[in-house]
2 protein chains.
Amino acid sequence: MIFHPARIGLLNKRALIRQLRKDGVASRAGLARALGMSQPTAGKIVDELLTQEILEEVEGAEANGDHATRLGRPGRQLQLNRSQPSFLGIQLGVSETRLAELPLGACDENDWHFSFHHDAAAANPAAAWEKQLRNVAKQLRSRKFLGVVLSVPGIVDESARRILFSPNIHWSESADLCAAIGKVWDAPVLLVQEERALALGYLTLHPDQEDFLLADFGEGVGGAVIFGGKPLMHPLPISGEFGHTPVLGNHRRCGCGAVGCVETLLSTSGLLKSFAAAHPRQTASWAALQKQLAENGVEPWLAQSLDAAAVALAAALNVLGLRRVVVTGNLTDLPPTVLEYFSGAIRGGAMWARFGEVECVSAPRNRTAGLVAVGIDRLILPEAEPKLSRGKNAATKLVK
Amino acid sequence: MIFHPARIGLLNKRALIRQLRKDGVASRAGLARALGMSQPTAGKIVDELLTQEILEEVEGAEANGDHATRLGRPGRQLQLNRSQPSFLGIQLGVSETRLAELPLGACDENDWHFSFHHDAAAANPAAAWEKQLRNVAKQLRSRKFLGVVLSVPGIVDESARRILFSPNIHWSESADLCAAIGKVWDAPVLLVQEERALALGYLTLHPDQEDFLLADFGEGVGGAVIFGGKPLMHPLPISGEFGHTPVLGNHRRCGCGAVGCVETLLSTSGLLKSFAAAHPRQTASWAALQKQLAENGVEPWLAQSLDAAAVALAAALNVLGLRRVVVTGNLTDLPPTVLEYFSGAIRGGAMWARFGEVECVSAPRNRTAGLVAVGIDRLILPEAEPKLSRGKNAATKLVK
DNA sequence: ATCATTTAATTAATAAAACTACGAAAGTCC
DNA sequence: GGACTTTCGTAGTTTTATTAATTAAATGAT
């Protein structure tokens, strides 16, 4: 990326919004201080964002943060616009799609306003899906959005907005869901890999934690890395996929086509399968599993699976130089001893544990916050368009 | 990092030098084209770098690259200064230290001009080392360098210039080697983790390959990641350490304090140990190992070790979204079947192998090129000094 | 109640860096 | 030798952020 003056304004604007997302509420002066820019600059950016209705002034708010002062003229506090929905968030689940109208600021809670079940038996599931979308569209208060953000599990090419591989929602691979959404709502459509959205959601709610690996356990097992406060982006449309690391000695077939993946052991169905194998007489239900583990602690079959996943995670931590794992999904829904064991196993393999603390925390899934973060990053602040800069000189020359 | 006009010039200068390192030789116009900047800008930057003697004009050279044209006024070709050494490179090995005077451009070959063995038995090994440095200094043609770059194996805090942990050169941990160098040569001293230097060296010689994981096998086992043409930098002073990922079922003690690390299986000594265990009657020498493998192919004991390392690497590839592994060190010194087996094992665990090509190539170690790359990046172009920008406003305020 | 103090926000002038446009220089091709 | 093409440098413009100075709005002491 080449920098010219016309571009750097955007970068500072981006930094300011990011800071404001961290602080929640801040004044022009506070932002300037935190970012190391001059007050006139911060003021000018804020004014611009106010006219765009991306920010709004907040009345009764007091300055928070370290620099809380009582003296002097009080700053006019600012926040990301909460008064109106800016984005439409859509979560494509395995059997269900959920939708929510999302304002730019403050979506701590995971309240999805609409949902419908998929009709996988339909002749054309994608068409049926689009029809249900239209149905929802009628019920929405707002017609117009800054953008629509769709989160999808599996392997996703976010820039090309294509679903490359989705073992549990196969029908979504051939369908161009973004195009379908574009037909229903007249707004730019963004596609996000699900775990990346979860990681960004965690980041929004814990803005101080700028480096971690999020590991999500559900129908599948996957993850995402936040590195320096930003999602680790990748040359390939694949990343965070520790769940498809093979476990030596494990021979279960995985949905991805390989054999022995971590996912076959620790996905919901994988856990139940192992549970059933270890306790043939019990009903292999999630409730029974919870009860069994609550009574007996981490049984050997589970310990082995956790050890294997921990090695894959530790390998990633060691290579990336991270020290924090955030666990979401089904593992957080089992007795706490399970997560304790898992934490210990990760620490055992993470090299940094020999020098300092390695943390492994559990967290609820925070999709909405993540979807908003994606929308802000990619729509409000169209950061890098290297084509634009490069194309102007290089491309025309080449054509010629 | 906050951007103001005074800063962005550096970024473009950095981009230009990087491009020139890629191309080897290029004209002002060619650089402007490649980088998408205007010709006046490129010209101005080049002029500045010429007066600093970082670049030099080259006489008889023809334009190379895709855009080779015969028409029009021929461009004056430029290259990184080769006519005089700019950096002093020092490689701290286990038993030996090697030194080389390095020009900015063109150090394809690994010719080290000076070397000496360590006196580990000395009462004060660090002082003995410094003395030997002085000895070398007398023999050097050049007294004055832009900088001295020291590469060290182990765990290194590059910004603090401290060696935190070096299992094979323990005496280096307590000694402040950079300070010692600073006493001998009056120039800024940079510290680089060895594998990172190797990775940067590979990048210099293969500038088109911007994303890969380098895995080095020697006295220890370690690696480094190049991500988007830059070394993946890390919040912790630790990264690339796939060698210290535990292998389930392996109980060898590792120099790092843990048990079962990959390194205990695939370091030179680890390989010989396994070889000896598998063939008690043979002499456990490297030559014997080579011979045995050349005759018998990859034996089961080796296959197991390679499989384990491959899983750790695959986990990292999957999480990072990479598709290329560059192998250096002792593994490249064994019969080719070994690397073939290893490649296959990595492909088996790398998820991208199900969708496209995963490459695993071997390469010689290229330290000198890496040391130069480090010197250029950190000395000639002092990129990010967030303190500077931030401190001016924030710090003074706080003090006050 | 008034005034000094402190912090916030705005305005004006300055500096840095990149861009476009134009023209001179230095080759090739006919 | 002239037409053409490409390179390189100069001049003037634009964008952006900075510093310095000014106005605004609160607290606290006399």
Side-chain angles (χ1 to χ4, degrees), chain A residues 1-16 25-48 50 55 57 61-63 65 67-78 388-393 396-398 400, chain B residues 1-16 25-48 50 55 57 60-63 65 67-78 388-394 396-398 400:
Chain A
M1 173 149 128
I2 299 308
F3 298 87
H4 37 289
R7 181 68 44 82
I8 68 180
L10 266 177
L11 293 168
N12 282 339
K13 204 184 283 187
R14 168 178 287 270
L16 187 140
V25 170
S27 67
R28 292 162 173 80
L31 289 167
R33 249 197 318 274
L35 294 169
M37 58 174 65
S38 65
Q39 286 191 0
T41 305
K44 205 179 282 182
I45 295 177
V46 165
D47 291 344
E48 204 177 324
L50 280 174
L55 304 188
E57 294 204 343
E62 295 304 308
H67 215 268
T69 120
R70 308 229 112 266
L71 252 57
R73 169 179 171 178
R76 277 140 65 195
Q77 301 298 311
L78 305 153
L388 201 146
S389 148
R390 205 159 288 190
K392 222 186 289 179
N393 274 307
T396 51
K397 288 283 181 180
L398 287 175
K400 200 180 168 213
Chain B
M1 172 149 125
I2 300 308
F3 297 88
H4 40 289
R7 180 67 45 83
I8 68 179
L10 267 178
L11 292 168
N12 282 339
K13 204 182 286 187
R14 169 177 286 271
L16 187 140
V25 169
S27 67
R28 292 161 172 81
L31 289 168
R33 249 197 319 274
L35 293 169
M37 58 174 63
S38 67
Q39 286 192 0
T41 304
K44 204 179 283 183
I45 295 177
V46 165
D47 291 343
E48 203 178 325
L50 280 174
L55 304 188
E57 295 204 342
E62 295 304 306
H67 215 269
T69 124
R70 308 227 113 267
L71 254 58
R73 170 179 170 177
R76 277 140 64 195
Q77 302 298 311
L78 305 154
L388 200 146
S389 149
R390 206 158 288 191
K392 222 187 288 179
N393 272 309
T396 50
K397 288 282 180 180
L398 288 174
K400 194 160 176 234

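Chain identifiers are assigned alphabetically (A, B, ...) following the order of the sequence lines, protein sequences preceding nucleic acid strands; residue numbering begins at 1 within each chain.
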Nucleotide N/O of nucleotides 1-5 of chain C paired with protein N/O under 3.5 Å:
none

* Minimum heavy-atom distance between A:Ser27 and A:Gly75, given as atom pair plus value -> CB-CA, 4.1 Å
Contacts under 3.5 Å, N or O only, protein and nucleotides 21-25 of chain C:
residue	atom	partner	partner atom	Å
C:dA25	N3	B:Arg73	NH1	3.3

For atom [atom1] of [X] and atom [atom2] of [N], their distance in whole Å:
| X | N | atom1 | atom2 | result |
| --- | --- | --- | --- | --- |
| B:Leu55 | D:dC8 | CG | P | 13 Å |
| A:Leu78 | C:dA9 | CG | C1' | 11 Å |
| A:Lys13 | D:dA17 | NZ | C1' | 14 Å |
| A:Asp47 | C:dT11 | CG | C1' | 12 Å |
| B:Met37 | D:dC8 | CE | C1' | 16 Å |
| A:Leu50 | C:dA9 | CG | P | 11 Å |
| B:Gln77 | D:dT7 | CD | P | 10 Å |
| A:Ile45 | D:dT18 | CD1 | P | 9 Å |

* Closest-nucleotide 5' rank along DNA chain D - winner of B:Ser27 and A:Lys44 -> B:Ser27
Indicate whether OP1 or OP2 belonging to [N] is found under 4.0 Å from a side-chain N or O atom of [X].
| X | N | result |
| --- | --- | --- |
| A:Arg28 | C:dT10 | yes |
| A:Asn12 | D:dA17 | yes |
| B:Thr41 | C:dA18 | no |

* With respect to the side chain of A:Pro74, which nucleotide from D:dA26, C:dA8, D:dT7 is positioned closest? -> D:dA26
* Asked: Between C:dT20, D:dT7, D:dT19, which one does the side chain of B:Ser38 approach most closely?
  ->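 The listed nucleotide nearest to B:Ser38's side chain is C:dT20.
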Just wondering, do [Y] and [X] contact through their side chains at under 4.5 Å, heavy atoms?
| X | Y | answer |
| --- | --- | --- |
| B:Asn12 | B:Ile45 | yes |
| A:Val25 | A:Leu78 | no |
| A:Thr41 | A:Leu35 | no |

* Structure fact -> side chain to side chain donor-acceptor pair (under 3.5 Å) filter on A:Lys13, not counting sequence neighbours, yields A:Glu48
* Structure fact -> With A:Arg28 as partner, the option from A:Arg76, A:Gln39, A:Gln77 fulfilling side chain to side chain contact (heavy atoms under 4.5 Å, CB included) is A:Arg76
* Residues in salt bridge (charged side-chain N to carboxylate O under 4.0 Å, His left out) with B:Arg73, at least two apart? -> none
* Looking at CG of A:Leu31 and CE of A:Met37, how far apart are the two atoms once the value is rounded to the nearest 0.5 Å? -> 8.0 Å
